[in-house]
Amino acid sequence: MKWTAAATVLLLFSCCQGQKNTTTPTPLVIWHGMGDTCCFPFSMGRIKEMVEDRIPGIYVHSLMIGENIVADEEHGYFGNVNGQVETVCQKLASDPQLQSGYHGMGFSQGSQFLRAVAERCPNPPMKNLITFGGQHQGVYGLPSCPAEPRQSRMCEYIRRLLHFASYNYLIQHKLVQAQYWHDPLKEDIYRDKSIFLADINNDKEINDSYRTNLKKLENFVMVKFVDDSMVVPIESEWFGFYSPGQDVQVLPLQQTQLYIEDRLGLKEMDEAGKLHFLSVNGDHLQFEDKWFLEEIVDKFVA
């Protein structure tokens with residue numbers, strides 16, 4: 001058989017097209033927020049479905065902490081976050097579909113929990129981290145509670161504990177929200193007693209492995225909700241926080257000591273174009289499907 005130049009080009013084009021169509025999408029790991037679970041069809045189940053419809057063939061792992069969704073919801077309030085992060089690290093390391101890498105998507109408190117995974121457990125590698133309404137510098141207030149009666153009572157109880165006993169040993173080790181409570185009026189106590197947030201933010205001492213691992217991210221996307229009634233201060237969603245010693249003036253990330261001293265590598269990442277600050281006009285975790293698909297999934301997951 002005699003090959004022509006045109007036939008050769010056609011063969012090469014067909015081969016390349018075939019390879020492109022069989023490429024497996026990068027998997028996605030999701031960690032839900034407080035009062036939610038991995039699989040509610042109106043929340044994380046809906047997110048999982050939208051991503052799967054948008055990217056055919058993608059593997060989406062929505063994390064469940066515990067043996068069932070009841071335990072998963074309870075773990076959003078009670079337990080040691082460090083233990084939960086370690087459990088997730090083990091789950092991801094043993095999942096054969098994630099070994100070549102994955103994207104992380106955290107919602108509310110799941111944002112900083114997944115960031116801890118990126119810092120502490122670099123294998124398998126997290127490629128992009130996308131956070132929605134995360135409390136990266138912690139919170140100093142919990143002003144809004146769910147409308148559902150049982151959730152509302154739980155939220156009010158937690159709010160009172162946080163204001164009066166957030167750094168008590170028992171509360172700090174058992175109440176999830178206390179572990180990212182950041183009191184700007186008691187910075188010394190926060191750095192000394194916080195068992196989770198002060199550690200992953202290198203506020204206690206600089207852990208070089210945390211900086212090294214976080215800088216391996218290709219993109220770190222932070223979504224802030226402009227009208228958020230849950231996160232105080234809202235700027236924590238972009239890594240900003242109160243100026244130490246008071247609770248009125250809020251500093252953007254670039255004016256914090258965390259950034260100036262580059263304690264976590266965020267300054268270097270920012271200068272390399274790896275940090276992305278997005279905002280949505282809405283309350284906590286309120287966004288439109290179209291925006292989510294076009295601005296998040298298409299740009300940072302697909």
Side-chain angles (χ1 to χ4, degrees), residues 28-34 36 38 44 61-66 72 75-95 98 101-139 166 172-182 190-191 193-223 231 236-239 241 253 258-259 262-266 269 274-275:
L28 175 66
V29 173
I30 299 172
W31 198 330
H32 63 79
M34 178 181 73
D36 202 355
C38 64
M44 294 302 100
H61 183 165
S62 186
L63 292 165
M64 181 170 69
I65 311 300
D72 190 20
H75 278 98
Y77 293 104
F78 304 108
N80 189 308
V81 177
N82 293 308
Q84 294 184 21
V85 169
E86 178 58 31
T87 296
V88 167
C89 287
Q90 293 173 3
K91 285 178 179 285
L92 302 186
S94 63
D95 190 332
L98 301 178
Y102 65 95
H103 299 313
M105 188 178 287
F107 292 83
S108 196
Q109 66 184 19
S111 299
Q112 56 266 29
F113 299 169
L114 264 184
R115 176 163 61 83
V117 172
E119 292 177 16
R120 295 175 177 176
C121 308
N123 295 305
M126 187 185 298
K127 296 186 176 182
N128 290 340
L129 173 60
I130 307 130
T131 66
F132 298 83
Q135 300 95 42
H136 291 294
Q137 279 272 38
V139 295
S166 55
Q172 186 65 205
H173 284 74
K174 296 297 184 181
L175 184 61
V176 167
Q177 287 69 40
Q179 292 160 50
Y180 58 86
W181 186 260
H182 186 171
Y190 155 73
R191 285 192 293 269
K193 302 295 184 181
S194 172
I195 66 170
F196 175 70
L197 187 70
D199 178 66
I200 66 166
N201 282 2
N202 276 345
D203 287 328
K204 293 177 182 285
E205 57 185 21
I206 295 180
N207 185 321
D208 285 330
S209 67
Y210 288 0
R211 296 176 76 254
T212 298
N213 292 335
L214 192 63
K215 289 190 297 182
K216 291 177 181 177
L217 289 173
E218 296 173 12
N219 294 284
F220 182 3
V221 183
M222 290 170 272
V223 178
V231 179
S236 184
E237 299 175 19
W238 279 359
F239 247 110
F241 203 66
L253 167 62
L258 177 72
Y259 185 92
D262 209 14
R263 300 180 67 87
L264 205 52
L266 294 174
M269 294 176 70
K274 290 186 174 185
L275 299 189

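Please read these numbers as outputs of a predicted model, since none were measured by experiment.
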From CA spacing to verdict: side chain to side chain contact (heavy atoms under 4.5 Å, CB included), Phe132, Val223: CA-CA 5 Å; Phe132 298 83; Val223 178; 4.0 Å; yes
Partners meeting side chain to side chain donor-acceptor pair (under 3.5 Å) with Arg263 (sequence neighbours left out): Glu261
One pair to check against side-chain hydrogen bond (donor to acceptor under 3.5 Å, both in side chains): Ser108 and Gln135. What are the steps and the verdict? CA-CA 7 Å; Ser108 196; Gln135 300 95 42; 3.1 Å; yes
Between Pro125 and Lys216, is any pair of side-chain heavy atoms under 4.5 Å apart? no
Separation between CG (Asp72) and CG (Asp36), nearest 0.5 Å, reads 8.0 Å
Any idea which heavy atoms bring Ala93 and Pro124 closest together, and the distance? CA-CD, 3.7 Å
Considering non-hydrogen atoms only, spot the tightest contact between Val176 and Gly79 and give its length. CG2-O, 3.9 Å
Point-to-point distance, once rounded to the nearest 0.5 Å, from CG of Leu197 to CD of Gln179: 10.5 Å
Side chain to side chain contact (heavy atoms under 4.5 Å, CB included) for Val117 and Val29? Distances and angles first, verdict last. CA-CA 11 Å; Val117 172; Val29 173; over 6 Å; no
Nearest 0.5 Å, what's the CD1-NE2 distance between Ile30 and His103? 12.5 Å
Would the distance check show the side chain of Ser194 and the main-chain N or O of Arg191 forming a donor-acceptor pair, the cut-off being under 3.5 Å? no
Quick one: do Lys215 and Asp262 make a salt bridge, cutoff under 4.0 Å? no
What is the distance from atom CZ of Phe220 to atom CD1 of Ile130, rounded to the nearest 0.5 Å? 10.5 Å
Any heavy-atom pair between the side chains of Met126 and Leu114 that's under 4.5 Å? yes
Measuring from Met269:CE to Leu217:CG, what's the distance to the nearest 0.5 Å? 5.0 Å
pair Leu266-Leu214: side-chain heavy atoms closer than 4.5 Å: yes
Side chains of Val85 and Trp31, heavy atoms from C-beta outward: is any pair under 4.5 Å? yes
Answer whether the closest heavy-atom distance between the side chains of Lys174 and Phe78 falls below 4.5 Å. no
Backbone N or O of Asn82 within a donor-acceptor pair of the Asn80 side chain at under 3.5 Å? yes
For the atom pair CD (Gln90) and SG (Cys121), what is the distance rounded to the nearest 0.5 Å? 8.5 Å
Considering all heavy atoms of both residues, which atom of Glu237 and which atom of Met222 are nearest to each other, and what is their separation? O-CB, 3.4 Å
Within the structure provided, determine whether Phe239 and Leu264 are in side-chain contact (heavy-atom separation under 4.5 Å). yes
Start with the C-alpha distance between Arg120 and Asn207, add both sets of side-chain angles, then the distance that settles side-chain hydrogen bond (donor to acceptor under 3.5 Å, both in side chains), and finish with yes or no. CA-CA 10 Å; Arg120 295 175 177 176; Asn207 185 321; over 6 Å; no
Report yes if some heavy atom in the side chain of Cys38 is under 4.5 Å from a heavy atom in the side chain of Leu63; otherwise report no. no
Compare every heavy atom of Phe196 with every heavy atom of Gln112, then report the nearest pair and how far apart it is. O-CZ, 3.8 Å
With a 4.5 Å heavy-atom cut-off, do Leu28 and Tyr102 have their side chains touching? no
Kindly give the heavy-atom pair with the smallest separation between Ile195 and Gln172, and that separation in Å. N-OE1, 3.1 Å
Using the side-chain contact (heavy atoms from CB on, under 4.5 Å) definition, which of the options Thr87, Val81, Val88 pairs with Ile65? Val88
Correct closest heavy-atom pair for Ala118 and Asn213 would be O-CB, 3.3 Å
Tell me, with the steps shown, if Tyr190 and Asp203 meet side-chain hydrogen bond (donor to acceptor under 3.5 Å, both in side chains). CA-CA 9 Å; Tyr190 155 73; Asp203 287 328; 2.7 Å; yes
Closer than 3.5 angstrom, by distance alone: can the side chain of Ser111 be matched with the main-chain N or O of Gly106 as a donor-acceptor pair? yes
Run through Arg115, His136, His182 and flag the one making a side-chain hydrogen bond (donor to acceptor under 3.5 Å, both in side chains) with Asn201. Arg115
